[in-house]
Novice: 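Below is one structure. I have some questions about it.
Just so you know, these numbers come straight off a predicted model, no measurement behind them. We're numbering straight along the sequence, starting at 1.
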Amino acid sequence: MIVDSHCHTSDRWYEPVEVLIGQMDRIGIDAAVLTQYSGQFDNSYQTHCSRRYPGRLVSVVVVDTRSEDAPDHLSDLVADGAVGVRLKPTVRSTGPHPLAIWRRAAELGITVTSLGSEDDF
């Protein structure tokens with residue numbers, strides 16, 4: 001199985017999912033990880049795409065970690081099918097528990113993707 005581990009698709013910024021699926025079919029990619037682009041907290045398009053193409057697409061989401069309800073929002077996204085989250089390496093949760101978002105990701109058993117430095121995204 002050939003998997004593209006980092007793809008972007010969007011109905012606003014990148015190409016729509018139909019273009020991605022066509023490219024995958026053309027070059028023999030079996031599955032792909034849709035990775036939400038930085039600063040975009042509306043993950044609904046990716047959720048829709050992963051549901052539309054089960055077994056071919058999964059979703060790695062981005063949450064607004066400045067929001068106190070970010071851990072709960074992450075739980076909701078995972079319940080909707082997300083398999084991972086992008087977090088900046090230095091991100092800390094607001095409120096009394098600075099590692100709450102990291103702990104929630106661990107509790108949910110999802111993948112955390114993170115670039116090497118704060119400036120990377």
Novice: Quick one: do the Ser114 and Arg86 side chains pair a donor with an acceptor below 3.5 Å?
Specialist: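 Side chains of Ser114 and Arg86: no pair found under 3.5 Å.
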Novice: Got more than 12 heavy atoms from elsewhere within 6.0 Å of CZ, Arg92?
Specialist: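 Yes - once you tally the heavy atoms of other residues, nucleotides and ligands closer than 6.0 Å, there are more than 12.
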Novice: Atom CD1 in Ile21, atom CE in Met24: separation rounded to 0.5 Å?
Specialist: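 Answer rounded to 0.5 Å: 4.5 Å.
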Novice: Considering non-hydrogen atoms only, spot the tightest contact between Arg66 and Thr94 and give its length.
Specialist: O-CG2, 3.2 Å
Novice: For Glu15, is there any backbone N or O sitting under 3.5 Å from a side-chain donor or acceptor partner on Thr9?
Specialist: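 Checking the backbone N and O of Glu15 against the side chain of Thr9, a donor-acceptor pair under 3.5 Å is found.
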Novice: With rounding to the nearest 0.5 Å, note down the distance linking CD1 in Ile101 to OG in Ser67.
Specialist: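 Here the interatomic distance stands at 9.0 Å.
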Novice: Under the rule for side chain to side chain donor-acceptor pair (under 3.5 Å), what residues qualify as partners of Asp76, not counting sequence neighbours?
Specialist: none
Novice: Distance from Glu68 atom CD to His97 atom NE2, nearest 0.5 Å?
Specialist: 10.5 Å
Novice: My understanding is that only one of Leu57, Thr113, Val58 makes a side-chain contact (heavy atoms from CB on, under 4.5 Å) with Val33; could you say which?
Specialist: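 Only one option passes, and that is Val58.
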Novice: Which residues, ordered by chain and number, are linked to Val19 in its hydrophobic cluster, where ILVMFWY side chains connect at heavy-atom gaps below 4.5 Å, directly or through other members?
Specialist: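 Hydrophobic cluster check, Val19: no partners found.
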Novice: Minimum heavy-atom separation for Arg52 to Val17, with atom names?
Specialist: NH1-CG1, 3.9 Å
Novice: From Asn43 CG over to Cys49 SG, what is the distance, rounded to the nearest 0.5 angstrom?
Specialist: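 Reported value, rounded in 0.5 Å steps: 11.5 Å.
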Novice: Share the residues that join Phe41 in a hydrophobic cluster, the rule being Ile, Leu, Val, Met, Phe, Trp or Tyr side chains under 4.5 Å apart at the heavy-atom level.
Specialist: Val62
Novice: Just how far is it from atom CD1 of Ile27 to atom CG of Asp4, taken to the nearest 0.5 Å?
Specialist: 7.5 Å
Novice: What are the two closest non-hydrogen atoms of Gly55 and Ala31, and how far apart are they?
Specialist: O-CB, 4.0 Å
Novice: Donor-acceptor check, side chain of Gln36 to backbone of Val60, threshold 3.5 angstrom: yes or no?
Specialist: no
Novice: Could you point out which residue of Leu77, Val83, Leu74 forms a side-chain contact (heavy atoms from CB on, under 4.5 Å) with Ile110?
Specialist: Leu74
Novice: Say you draw a straight line from CG of Leu108 to OG of Ser75; how long is it, rounded to the nearest 0.5 Å?
Specialist: 4.5 Å
Novice: Between His8 and Tyr37, what is the ring plane arrangement, given parallel below 30°, perpendicular above 60°, and tilted in between?
Specialist: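 Geometry flag for Tyr37 against His8: perpendicular rings.
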Novice: With distance as the sole test, does Asp30 use its side chain to make a donor-acceptor pair with the main-chain N or O of Val3 at under 3.5 Å?
Specialist: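 Flag not set: sc Asp30 to bb Val3 has no pair under 3.5 Å.
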Novice: Using 30° and 60° as the class boundaries, would you call the ring planes of Tyr45 and His48 parallel, tilted or perpendicular?
Specialist: tilted
Novice: Is there a donor-acceptor pair closer than 3.5 Å between any side-chain N or O of Trp102 and the backbone N or O of Val91?
Specialist: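 Yes: the side chain of Trp102 pairs with the backbone of Val91.
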Novice: If you define the side chain from C-beta out and look only at heavy atoms, does anything of Leu20 sit under 4.5 Å from Leu34?
Specialist: yes
Novice: Would you find a donor on one side and an acceptor on the other, under 3.5 Å apart, between the side chain of Arg56 and the backbone of Ile29?
Specialist: yes
